[in-house]
Amino acid sequence: MNPAELNYQPVSAFESSDRDFLKSQRFRMEQGKSYRQFLAGVVVNIASLALGTTLGWTSPVFPKISSATQDDTPLDGPPDDEQLSWIGSLVALGALIAPFIAGPLADKIGRKWTLLSSTAFFAVSWILLITTNNVPQMYVARFLQGFGVGFVMTVQTMYIGEIASDQFRGALGSLMQLFIVAGILYVYAIGPYVTYVSLQWICLIPPLGFAAAFFFMPETPYYYTQKGDKTNAIKSLQFLRGKTAEGVQEEALKIQEAVDEAMKNKGTIKDLVRNKGNFKALIICAGLISFQQLSGINVVLFYSQIIFAKTGSSLEPAIATIIVGIVQVVASGLTPFVVDRLGRKIILLFSGLGMAICHALLGLYFFLDYKKAEVVPDIGWLPVLSVIGFVSVYCVGFGPLPWAVLGEMFPANVKSIASSMVASTCWILGFLVTKYFSALDSAVGSHWAFWIFGLFCCGAFVFTFTTVMETKGQSLQEIQDRLNGRRPEEQ
C-alpha cells in the first residue's frame, strides 16, 4: 500500500465518524413541538369535565327534587334525608369498585380504550336520569356515574404520566383538577336556570364530546412498549413530541429500559408492600389522597347550595355557588403554571394550612349561629368568604397534586395495581364522608363538623411536611432511585 492510500483511509474514516456524530447530535437537539402533549392532555381531560358534572350535579338538583312545592321534579314526592344521602354518595361507592376493573383493563386493552369505555357509564347514567320517575332508578344512575368516575380517575393519571415529558409532567398532571372544577361550574351555572330534564341532556354533552375527540389521540408509548409493539411506540412518541423517528429514539430506548426493568418481575400487591420504594410511594400517595377526601371537599361540592341556604346570607345560594365554581376554575388554572416552578411540596403545604384556616372560620360562623350571637346577622359574608377561600387553596394544591404525584411515583409493573388501590382509598373515604356528613352535622352541629375537617387539614400539613418528597423536574427513573434510596452512582 502506498503512502497516498495510507493517508486516504484514515481521513475517510474520520469524516464518516464526524458525520454520524453530527447527525446524532442534530436529532438529540431536535426541538420538537411541546404543544402536542398538551393537546393530548387537554383532550383526555374532557373526561374530567364529564366527571365534574357528576360531582356538581347534586347542588342544583337537590333543591329541585326535595321541595314539596317544586314543580320541576321527575319524582312523585320529595325524597327523605336518607334517600338524598344515598343519591349524593352512590357516586363514591361506584368509584370505589371501578378501579379494580379499570386498572387491569388498562393493562389488557390499553389506557386509551379503557378511558373511552368510561363514556358508556356516563351516557347510560344520564339517559336513566332523563327517563326516571323514581328514586331507585336515580340510585342506579348515580352508581353507574361512579363507575365512570372511577375509570377516569384511575386510568387518566396513568395516561398523563406516560405521555408527558419530564419537563411538563407536573403541569399536565394538574390539568385534571382544572377540568373537574370546570365541569362542576358547568352544572352550577346552568343547573338552577334550566329544567331538570334539560340539565340531564346538557350533562350528556361532555362525555360524548370526549369520546369523539379522544378517539383520535394516541395510546401511550409505555403501553405499546409493554406489548412489544416498538413501531407504534415510536409513532406515539413522534406524535406527542412532534419529532422525527430518529429524534425520539433516545427517549424510546429509555422507555424500553424502564419497561424491561419493570417487567422482569410482574407486579403484585405483595410487591407494593415488600419493595421499599413501592411501599414508600404507596404511603405518600394513599396519604395525600386520604387527606384530600378528609378535607371535606365533597361535602362542600355536593351540598354547597344547601350550606349557603343554611347561613341565611343575603346572597342568593345559587349565585354564591356559581361564584364558588368560578373561583375553583381560576384557582385550578394557576396550578399548571406554578407547579413545575415552585414544586409539589411547598404548594401542598400552603394548601393544607389554608384549608385548615378556612374550616376554622366556617366553623366559627356556625358556632356563633348556634349560640344565637348578636353579631351573626352582620357577618353573613364570612361563610361565603370561607368557602371561597377553602376551594381556592384546595384547587391549587390538594385537589390536583395528589393525582399528579400518583402518576409519577410507581414503576410500570405495579402502576395499575397501585392506581387502583389509591383511587379506591379515595372513594372509600369519599363515600363515608358524603354519606354520613348529615348524620355528623345533626349529632355535633355544623360548627364541630367543619372543625373536624379543619383538624384533618392540619394533619395534611404535618403529613406533607414529614413524609412527602419533592419530585419537581425529576425523571420517573430518578424518582424511583430516590424512593429506593439509590444514589446516581449506584445505578
Side-chain angles (χ1 to χ4, degrees), residues 42-67 70-75 79 84 87-88 90-91 94-95 115-116 118-135 137-149 151-153 176-215 298 301-306 308 316-330 332:
V42 167
V43 171
V44 74
N45 272 291
I46 300 175
S48 298
L49 185 74
L51 187 161
T53 62
T54 70
L55 299 183
W57 178 85
T58 52
S59 186
V61 168
F62 275 8
K64 293 180 185 293
I65 65 175
S66 59
S67 173
Q70 176 62 256
D71 294 329
D72 184 23
T73 176
L75 306 177
L84 286 175
I87 293 171
L90 275 169
V91 166
L115 284 166
L116 282 171
S118 69
T119 303
F121 295 114
F122 289 125
V124 171
S125 71
W126 293 121
I127 292 170
L128 286 173
L129 289 171
I130 289 168
T131 59
T132 189
N133 60 5
N134 58 80
V135 171
Q137 189 166 324
M138 279 192 168
Y139 288 165
V140 174
R142 293 290 284 170
F143 185 72
L144 287 176
Q145 285 180 352
F147 263 78
V149 169
F151 267 54
V152 172
M153 298 195 86
M176 175 187 276
Q177 180 66 22
L178 174 60
F179 277 79
I180 289 175
V181 297
I184 293 170
L185 176 59
Y186 180 76
V187 177
Y188 280 2
I190 297 172
Y193 307 108
V194 298
T195 65
Y196 169 87
V197 172
S198 296
L199 178 60
Q200 315 316 309
W201 282 110
I202 290 168
C203 289
L204 185 58
I205 295 172
L208 296 181
F210 163 70
F214 191 59
F215 179 81
N298 282 335
L301 295 181
F302 285 24
Y303 301 106
S304 57
Q305 201 161 322
I306 294 174
F308 286 128
E316 185 182 343
I319 299 298
T321 302
I322 292 171
I323 292 172
V324 169
I326 293 172
V327 170
Q328 287 185 96
V329 172
V330 173
S332 298

(message) So M138 and L90, do their side chains get closer than 4.5 Å, heavy atoms only?
(response) no

(request) Tell me, please, which residues at least two apart from V42 pass side-chain contact (heavy atoms from CB on, under 4.5 Å). (result) L175, F179

(request) Please list, chain by chain and in numerical order, all residues satisfying side-chain hydrogen bond (donor to acceptor under 3.5 Å, both in side chains) with S48, sequence neighbours excluded. (result) N45, Q156

(request) Give me the one residue out of T53, L204, L208, T54 that meets side chain to side chain contact (heavy atoms under 4.5 Å, CB included) with F122. (result) T54

(message) If I compare all heavy atoms of G191 with all of L199, which pair ends up nearest, and what's the gap?
(response) CA-CD1, 3.8 Å

(request) Just jot down the side-chain contact (heavy atoms from CB on, under 4.5 Å) partners of A182, sequence neighbours excluded, or say none. (result) L49, V329

(message) Keeping Y196 on the side-chain end and L129 on the backbone end, is there a donor-acceptor pair under 3.5 Å?
(response) yes

(request) Examine distances only and state if a side-chain atom of Y186 and a backbone atom of I202 form a donor-acceptor pair shorter than 3.5 Å. (result) yes

(request) Indicate the atoms forming the closest heavy-atom contact of P207 with T119, along with that distance. (result) O-CG2, 3.4 Å

(request) Taking all heavy atoms of L185 and all of G325, pick out the closest pair and write down the distance. (result) CD1-C, 3.7 Å

(request) With sequence neighbours left out, write down each residue that passes side-chain contact (heavy atoms from CB on, under 4.5 Å) with A213, or none if nothing qualifies. (result) V43, I46

(request) Verify the neighbour count for atom OH of Y193: are there more than 12 heavy atoms of other residues, nucleotides or ligands below 6.0 Å? (result) yes

(message) On a heavy-atom basis, which atom in I87 and which in R142 lie closest, and how many Å separate them?
(response) O-NE, 2.9 Å

(request) Quick one: list whatever passes side-chain hydrogen bond (donor to acceptor under 3.5 Å, both in side chains) with W57, sequence neighbours left out. (result) Q200

(request) Starting at CG of L51, measure out to CD1 of I180 and round the result to the nearest 0.5 Å. (result) 5.0 Å

(request) Write down the atom of Q137, the atom of T131, and the distance for their closest heavy-atom approach. (result) NE2-OG1, 3.0 Å

(request) Could I get the full list of side-chain contact (heavy atoms from CB on, under 4.5 Å) partners for F147, not counting sequence neighbours? (result) I97, A98, I101, F121, F143, F151

(request) List the atom of Q145, the atom of S125, and the distance in Å for their closest heavy-atom pair. (result) CG-OG, 3.0 Å

